[in-house]
Structures are given as C-alpha cells and as structure tokens.
Amino acid sequence: MPDALLEFSGVAYAWPDGRPVFADLSFRIAAGEKVVLLGANGAGKSTLLRLANGLLPPSAGSIAWQGQLLSPSLLRQRDFARSFRQANVLLFQHPEAMLFNPTVREEIAYGPQQLGLADSAARVDRWAAELGLQTLLDAAPFTLSGGQKQKVALACLLALDPQFLALDEPSASLDPATVGWLIDTLLDSGRTLLISTHNLGLAAELGERALILDGNGRLLYDGPLERALGDLPLLQAAGLAHRHRHRHGAATHAHLHVHDWESS
Ligand SMILES: Nc1ncnc2c1ncn2[C@@H]1O[C@H](COP(=O)(O)OP(=O)(O)O)[C@@H](O)[C@H]1O
Ligand SMILES: [Mg+2]
C-alpha cells in the first residue's frame, strides 16, 4: 500500500485542563480523497482538524504526513514547516484570528509572499475573482461581515495552492452560492479534502467517504458516505439524528428524524 498522505495511529488527545477528547483514533487518508468528518457538537471535529494541521500535538499515538512523523521537532524545522504549511491548510470555523493585514489584497498576498513566490499579485487576482472579492480588495478585513471574512480566509488558503485542504464547518458562515462554488471547484480538483460538518443535507455533496465521531472520542464509522447517510441508527448513535414525536392530525407517532441544522 502506498504511504497515506495523512495517517493517524492510535491518536489520543486531552486538553491542557485534562479533558480527554480522543483516546485511540486511527485512520488514513490517501492523496485525492474527499472525506467528510461528521459528529455532533463537541464530538471533536475541530480538535481533529487542528491535530491534522499540526496545530496540536497528540498526547499519545502519532500522526504522519506523507510517511513522516509529525513531531514537534520536525514542525520546528524551517524547510519542513514551510512546505507543510503550504501543502496542509485549515480553514477555521471562525477565521477572524487568521486575518491581520491592513487590506484584503495584502491578506491574500501574504502567504505566497512568505513563500517567496514571484506571482503573488496574480494569485490575489485569480482567487479574488473566483470568490467575488474584487470590490473588497482595498477594504480592511476587520470591516467585513463574517461570511466575507470566511471567503477572504479561504482565498488566502487557496492562494497557497495546497494539496490538503481541511474546512471546519464551511457551510455555517459561507453563503449557499459560495458553498456551491466550493463543491464544484474543490471536488473536481485533485486536492485532498477533509471537511467537517453536521449538516447532513450538505454532507452528501461534500465528499465520498465519511468519518463519523461517536461523541466519546472514537470513530463510529469509516466508509462510504452514501451508506452512512442511509443508516439512520448509525446517525442516531452519532447524535446526528434523533427519535422524535410528530403530531399528524389526531395521531401522534415517533420516528427517526434527521435535521439539517448547523450552528457555529
Ligand atoms: N481550547 C479548549 N480547551 C479545553 N477544551 C476544549 C477546547 N476546545 C474545545 N474543547 C473541548 O473539546 C471537545 C471537542 O470540541 P470540538 O473539537 O470543538 O468539537 P466539535 O468541533 O465537534 O464541535 C469539547 O468537549 C470541547 O468543549
Ligand atoms: Mg467545531
């Protein structure tokens, strides 16, 4: 089997306050896969994405990127950190913290410039046009709406031409047109995607494989997305669907139900 692009082996994670999130998490993602990460609120989706992005070190077990163990010392090596930060990117659920440049133009150009790429201006033009940000290029990022900030943050990441793109609940703040654009643009690209959501209505369009967290730090499911979405007991066990009483005229009955909601 070729090396996975990203591999979690027996990963445990506990927050500094001692609260465990994961105890023993193992999965591998091959280059080009489109993976949807599902789990109820608090199941650990954002934590898993931060681990995958090298922002949090596992408390036990290991995470490998292209067969290399992502150790804190490797992440401190300048050459590795540079290529890793370019290739493996994460769009935060609340990306405000990512934006610090005086203008949107400088914000999008920042990453490519840090990498010493000569065509940073062309990259700004390309991704601003793709995401409809042209009229905002001279605006200060902090003056934008939440959804506009999310688009700018996404443009910043795409300007790096990453191989692996993790998106944390993108449909929570992006408008439907942008989510549609994401689906059309990203699913056809060779990029490897790991997208978290608890919006089951959208999940079907975001990928081919599902990883489902059970809410107790374990993987409940790793397999074809379509099969998972048709398995109500599985979705119920993951806290993504629930049994629920309905009144139909005079009759009341209970049945399993899936809700499409997404909170931030
Ligand atoms: N910075 C933090 N410090 C301590 N606990 C945290 C922190 N961030 C998240 N948690 C906890 O970790 C668990 C998983 O959270 P998270 O990964 O954000 O879940 P999800 O993204 O699936 O909603 C939750 O119990 C949450 O309260
Ligand atoms: Mg989250």
Original post:
Where do Val124 and Val104 land on the side chain to side chain contact (heavy atoms under 4.5 Å, CB included) test, with the steps shown first?
Top reply: CA-CA 9 Å; Val124 172; Val104 168; over 6 Å; no
Original post:
Are the side chain of Arg191 and the backbone of Leu165 linked by a donor-acceptor contact shorter than 3.5 Å?
Top reply: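 Side chain of Arg191 to backbone of Leu165, a donor-acceptor pair under 3.5 Å: no, none is there.
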Original post:
Do the side chain of Glu107 and the main chain of Cys156 share a donor and acceptor less than 3.5 angstrom apart?
Top reply: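 Absent.
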Original post:
Ion pair present between Lys45 and Asp168, side-chain N to carboxylate O less than 4.0 angstrom?
Top reply: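 Salt bridge flag = no for Asp168 with Lys45.
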**OP:** Check the angle between the aromatic planes of Phe84 and Phe80 and answer parallel, tilted or perpendicular using the 30° and 60° thresholds.
**Re:**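 Aromatic pair Phe84/Phe80 classed parallel.
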**OP:** Could you work out the complete set of other residues in the hydrophobic cluster of Phe100, with links drawn between I, L, V, M, F, W and Y side chains under 4.5 Å apart?
**Re:**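 Result for Phe100 is Tyr110.
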Subject >> Contacts of Lys149 that satisfy side chain to side chain contact (heavy atoms under 4.5 Å, CB included) - sequence neighbours left out >> reply: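 Here the qualifying residues are Glu96, Leu99, Leu144.
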Subject >> side chain to side chain contact (heavy atoms under 4.5 Å, CB included) involving Asp24 - partner list, sequence neighbours excluded >> reply: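 Ser26.
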**OP:** Run the numbers on Asn101 and Glu106 for side-chain hydrogen bond (donor to acceptor under 3.5 Å, both in side chains), then give the verdict.
**Re:** CA-CA 6 Å; Asn101 279 279; Glu106 288 160 280; over 6 Å; no
Original post:
Measuring from Asn53:CG to Asn88:CG, what's the distance to the nearest 0.5 Å?
Top reply: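 So the gap between those two atoms works out to 5.0 Å.
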Original post:
Rounded to the nearest 0.5 Å, how far does CD of Gln93 lie from CD of Glu169?
Top reply: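 CD of Gln93 is found 4.0 Å from CD of Glu169.
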**OP:** Under the side chain to side chain contact (heavy atoms under 4.5 Å, CB included) rule, what do Leu154 and Leu167 come out as? Steps first, then yes or no, please.
**Re:** CA-CA 9 Å; Leu154 182 59; Leu167 306 174; 4.1 Å; yes
Original post:
Residues in ring pair (Phe, Tyr, Trp, His ring centres under 6.0 Å) with Phe27, at least two apart?
Top reply: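 With neighbours one apart ignored, the set is Phe8.
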List the atom pairs, with distances to 0.1 Å, where a side-chain N or O of residues 127-135 and a protein N or O form a donor-acceptor pair under 3.5 Å, not counting sequence neighbours.
| residue | atom | partner | partner atom | Å |
| --- | --- | --- | --- | --- |
| Trp127 | NE1 | Leu158 | O | 3.4 |
| Glu130 | OE1 | Trp181 | NE1 | 3.2 |

Original post:
With sequence neighbours left out, which residue pairs that include part of residues 61-74 fulfil the side-chain hydrogen bond (donor to acceptor under 3.5 Å, both in side chains) condition?
Top reply: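 Residue pairs with at least one partner in residues 61-74: Gln66-Gln163, Ser71-Ser73.
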**OP:** Give the intermediate values and the outcome of side chain to side chain contact (heavy atoms under 4.5 Å, CB included) for residues Arg123 and Ile108.
**Re:** CA-CA 8 Å; Arg123 288 173 185 246; Ile108 302 173; 6.0 Å; no
**OP:** Examine Leu51 and Leu69 and state if one hydrophobic cluster contains both, with Ile, Leu, Val, Met, Phe, Trp and Tyr joined whenever side-chain heavy atoms are less than 4.5 Å apart.
**Re:**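 Cluster IDs for Leu51 and Leu69 differ.
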